[in-house]
Structures are given as C-alpha cells and as structure tokens.
Amino acid sequence: MSIKFKNLNKTIINCKKCPRLNKFIKKIAKEKRPQNINEKYWGKPVTGFGKENSKLMIIGLAPAAHGGTRTGRAFTGDKSGDVLFECLYDARISNQNYSKNLNDGLKLKYTYVTNVLKCVPPEDKPKINELTNCSNYFNSEIESLKALKVIVTLGKVAFDNCAKIYKKKFNQLENFKFKHGKKYLLPDDKIIIACYHPSPRNINTKVVTRKMITNLFVEAKKIAKF
C-alpha cells in the first residue's frame, strides 16, 4: 500500500469531525455485547480494505455496531458480512468464505470493501453533515484506486448516497433509481451496480438470496475484467 493510501487510512482512523459519531462508537466499545464482553473493540472509524490495484469496489452505508466497529474491518464479524463473504468466495473473489477479524488470512482478488460512512451512526441513521464530512474520504478512496472499474452498492441507502456524492462532484447525473442488478454508467466511466443488502432480514424473507448476490458479483467481475 502506498504512503498516500496509508496516510488516508491514518487520517480516517484518527478523524474527530463528527462528535456525535465519535461519542457513539466509544460508547459501543465500552459497553460491548454480552457475547463479546471479553474482546477488545476497535472503537474507531473503520477504513476500507483491499489492494490499490482493485478493479471492483463494494460499499455499504456504515460499519455495523458490533461488526466493523468491533473488529476494525468493514463487513466483518456480523451476519450481513457472513453472507457477503460466502458469496464472494462462491464468486471466486475471496480466498475464504468468512471474515472474522483483521488476522484471519482473508485475501480479496482485485476488490476493495468500504463504507460511505466510516463510523456507525445511532439507529443506523446518519445526519447530512456526517455524510458530507465522510464523503471526502470516500472520494479519496475512489481516486486512489486507479484501476477501479465497477462499484457495487449494498442496499438502497448506500446506492443513493454514492449517487449523491457523484452528482455533487460532477454536477450532472441522471436520476438513478435503486433496483437489484441495475447498472448505470457514471460520469467517470465507472459502472455502478445496485445490490440488495445481504442483511438477515432480506435473506430470511427471500427479498434476496445468496445465489442472487453471488450471480451479481460474478457479473461485476466479468465487467471489471478479472
């Protein structure tokens, strides 16, 4: 990883721009969940992970309270992440079908995983100024991934906020509407693909299935050409 990317991640981890979020993640790290009571929580903003030669970016809205905020890695240590990495493994994008902690040996093929917001907000409801503060980090991640070709957004909120950031940046964007599997061409020639969030509710109610998500990643991989 380049010095530029390392400095970006260091800045994200040390960010104190949003007092409400900073206070909330410290509260989570202190109180913990009963099943994780003996663990040391990350308790800081969560950076993305993956290599700089990534052609595919996967984004969610924010780290889970007892997932990424606990483990220090996006989509790691929660039920949604369990589904995501099973699908990435089936699509031959990851070397294993689980993501448990920072030292579990996980490797991704040309893929970078991150969130629009680097801190979990109370009730999963970020404020506009918090999203604005974090949009600069998200932009920096995109600009640093020089080989990036495809962005897969997990969930409507992540999709809408990614589109909003692009619209603000380029001041021109057609009316993108969220629909699973729908693809749009972005102003910088990247492709954005909407994907239902792999949440327990969506999986249990069959709004989306593991096969649907896996197939979407297989297609994203073909578009990104890796």
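Contact record, Pro187 with Tyr166: CD-CD2, 3.9 Å, taken as the closest heavy-atom pair. Of all non-hydrogen atoms in Leu185 and Phe176, the two that sit nearest each other are O-CZ, 3.8 Å. Contact record, Leu108 with Ser94: CD2-CB, 3.7 Å, taken as the closest heavy-atom pair. Annotation for Gly67 and Asp78: closest pair CA-OD1, 3.9 Å, computed over non-hydrogen atoms. Minimum interatomic distance between Ser199 and Ser80 (heavy atoms only, all atoms of both residues): CA-OG, 3.3 Å. Residues Ala220 and Val152 share a closest heavy-atom pair of CB-CG2, 4.0 Å.
Looking only at distances, a side-chain donor or acceptor of Asn101 sits under 3.5 Å from a matching main-chain atom of Asp104. The backbone N or O of Cys18 sits nowhere less than 3.5 Å from a side-chain atom of Asn22 that would complete a donor-acceptor pair. When atom types are taken as modelled, the side chain of Arg70 and the backbone of Ala29 share no donor-acceptor pair closer than 3.5 angstrom. A side-chain donor-acceptor contact under 3.5 Å links His180 to the backbone of Tyr196. A donor-acceptor pair under 3.5 Å is formed between the side chain of Lys221 and the backbone N or O of Ala91. A donor-acceptor pair under 3.5 Å is absent between the side-chain atoms of Lys125 and the main chain of Pro122, judged by distance alone. Formation of a donor-acceptor pair under 3.5 Å by the Ser54 side chain with backbone atoms of Gly50 is not found in this model. The main-chain N or O of Lys107 is found under 3.5 Å from a side-chain atom of Asn95 such that the two form a donor-acceptor pair. For Lys51 (side chain) and Tyr112 (main-chain N/O), no donor-acceptor pair under 3.5 Å exists by modelled atom type. Between the Asn161 side chain and the Val157 main chain, a donor and an acceptor come within less than 3.5 Å of each other.
The closest side-chain donor-acceptor pair between Thr76 and Thr71, if any, does not fall under 3.5 angstrom. Between the side chains of Gln96 and Tyr89, no donor-acceptor pair is found at a separation under 3.5 Å. No side-chain donor-acceptor contact under 3.5 Å links Ser144 and Glu52.
Looking at Asn9 and Phe49, their side chains never come closer than 4.5 Å, going by heavy atoms from C-beta outward. The side-chain heavy atoms of Leu154 and Ile59, taken from C-beta on, include no pair separated by under 4.5 Å. Proximity of Cys87 to Leu216: side-chain heavy atoms (C-beta onward) are nowhere separated by under 4.5 Å. At least one side-chain heavy atom of Lys190 sits less than 4.5 Å from a side-chain heavy atom of Ile142. Using a 4.5 Å cut-off on side-chain heavy atoms (C-beta onward), Cys119 and Val46 make no contact. In this structure, Cys162 and Phe138 have side chains that are in contact, with non-hydrogen atoms separated by less than 4.5 Å. Contact of the Phe75 side chain with the Asn115 side chain is registered, since non-hydrogen atoms from C-beta on lie closer than 4.5 Å. The closest side-chain heavy-atom distance from Cys134 to Val116 is not below 4.5 Å.
For Glu123, the CD atom sits in a loose shell: 12 or fewer heavy atoms of surrounding residues, nucleotides or ligands are nearer than 6.0 Å. More than 12 heavy atoms of other residues, nucleotides or ligands lie within 6.0 Å of NZ in Lys32, so this atom counts as buried by the packing criterion. The environment of CD1 in Ile3 is sparse: at most 12 heavy-atom neighbours from other residues, nucleotides or ligands sit within 6.0 Å. For Arg20, the CZ atom sits in a packed shell: over 12 heavy atoms of surrounding residues, nucleotides or ligands are nearer than 6.0 Å. For Ile37, the CD1 atom is densely surrounded, since the number of other residues' heavy atoms within 6.0 Å is greater than 12. At most 12 non-hydrogen atoms from other residues, nucleotides or ligands lie less than 6.0 angstrom from NZ of Lys222. Surrounding NZ of Lys17 are more than 12 heavy atoms belonging to other residues, nucleotides or ligands, all under 6.0 Å away.
With hydrophobic clusters built from ILVMFWY side chains whose heavy atoms lie under 4.5 angstrom apart, Val83 shares a cluster with Val207. At a threshold of 4.5 Å between side-chain heavy atoms, the hydrophobic network of Ile, Leu, Val, Met, Phe, Trp and Tyr places Leu117 and Ile192 in one connected group. Residues Leu102 and Ile58 fall into different hydrophobic clusters, defined by Ile, Leu, Val, Met, Phe, Trp and Tyr side chains chained together at heavy-atom separations under 4.5 Å. Taken together through direct or relayed side-chain contacts under 4.5 Å among Ile, Leu, Val, Met, Phe, Trp and Tyr, Phe217 and Phe85 form part of one hydrophobic cluster.
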Trace of the side chain to side chain contact (heavy atoms under 4.5 Å, CB included) decision for Thr47 with Thr114: CA-CA 7 Å; Thr47 66; Thr114 193; over 6 Å; no

Starting from the C-alpha separation in whole Å, work towards a yes-or-no answer on salt bridge (Lys or Arg N to Asp or Glu O under 4.0 Å) for Lys118 and Glu130. CA-CA 10 Å; Lys118 308 309 180 188; Glu130 293 165 349; over 6 Å; no

Derivation and outcome, side chain to side chain contact (heavy atoms under 4.5 Å, CB included), residues Asp82 and Tyr98: CA-CA 6 Å; Asp82 291 345; Tyr98 61 89; 5.8 Å; no

CA sep, side-chain torsions, deciding dist, call: Thr209, Ile203, side chain to side chain contact (heavy atoms under 4.5 Å, CB included): CA-CA 6 Å; Thr209 64; Ile203 295 295; 5.9 Å; no

In sequence, state the C-alpha distance, the side-chain angles, and the governing distance for Tyr137 and Cys15, and then conclude on side chain to side chain contact (heavy atoms under 4.5 Å, CB included). CA-CA 10 Å; Tyr137 297 140; Cys15 183; 3.2 Å; yes

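For the pair Lys55 and Tyr110, the cation-pi criterion (under 6.0 Å, within 45° of the ring axis) is fulfilled.
With a 4.5 Å cut-off between side-chain heavy atoms of Ile, Leu, Val, Met, Phe, Trp and Tyr, the cluster of Val120 takes in Phe24, Ile25, Ile28, Tyr41.
Using bins of under 30°, 30° to 60° and over 60° for the plane-to-plane angle, the ring pair Phe159/Phe178 lands in the perpendicular bin.
For Lys183 and Glu219, the salt-bridge test passes: some basic side-chain N is under 4.0 Å from an acidic carboxylate O.
Taking CG of Asn202 as the reference point, atom CD1 of Ile213 lies at 8.0 Å (rounded to 0.5 Å). Taking CZ of Arg210 as the reference point, atom CD of Glu86 lies at 4.5 Å (rounded to 0.5 Å). Within the model, atoms CG of Leu88 and CG of Leu56 stand 8.0 Å from one another, a figure rounded to the nearest 0.5 Å. Rounding to the nearest 0.5 Å places CD1 of Ile12 at 11.0 Å from CG of Asn7. Distance CG/Asp160 to CD1/Ile165: 11.5 Å, rounded to 0.5 Å. Atom CG of Leu21 is separated from atom NZ of Lys23 by 12.0 Å, given to the nearest 0.5 angstrom.
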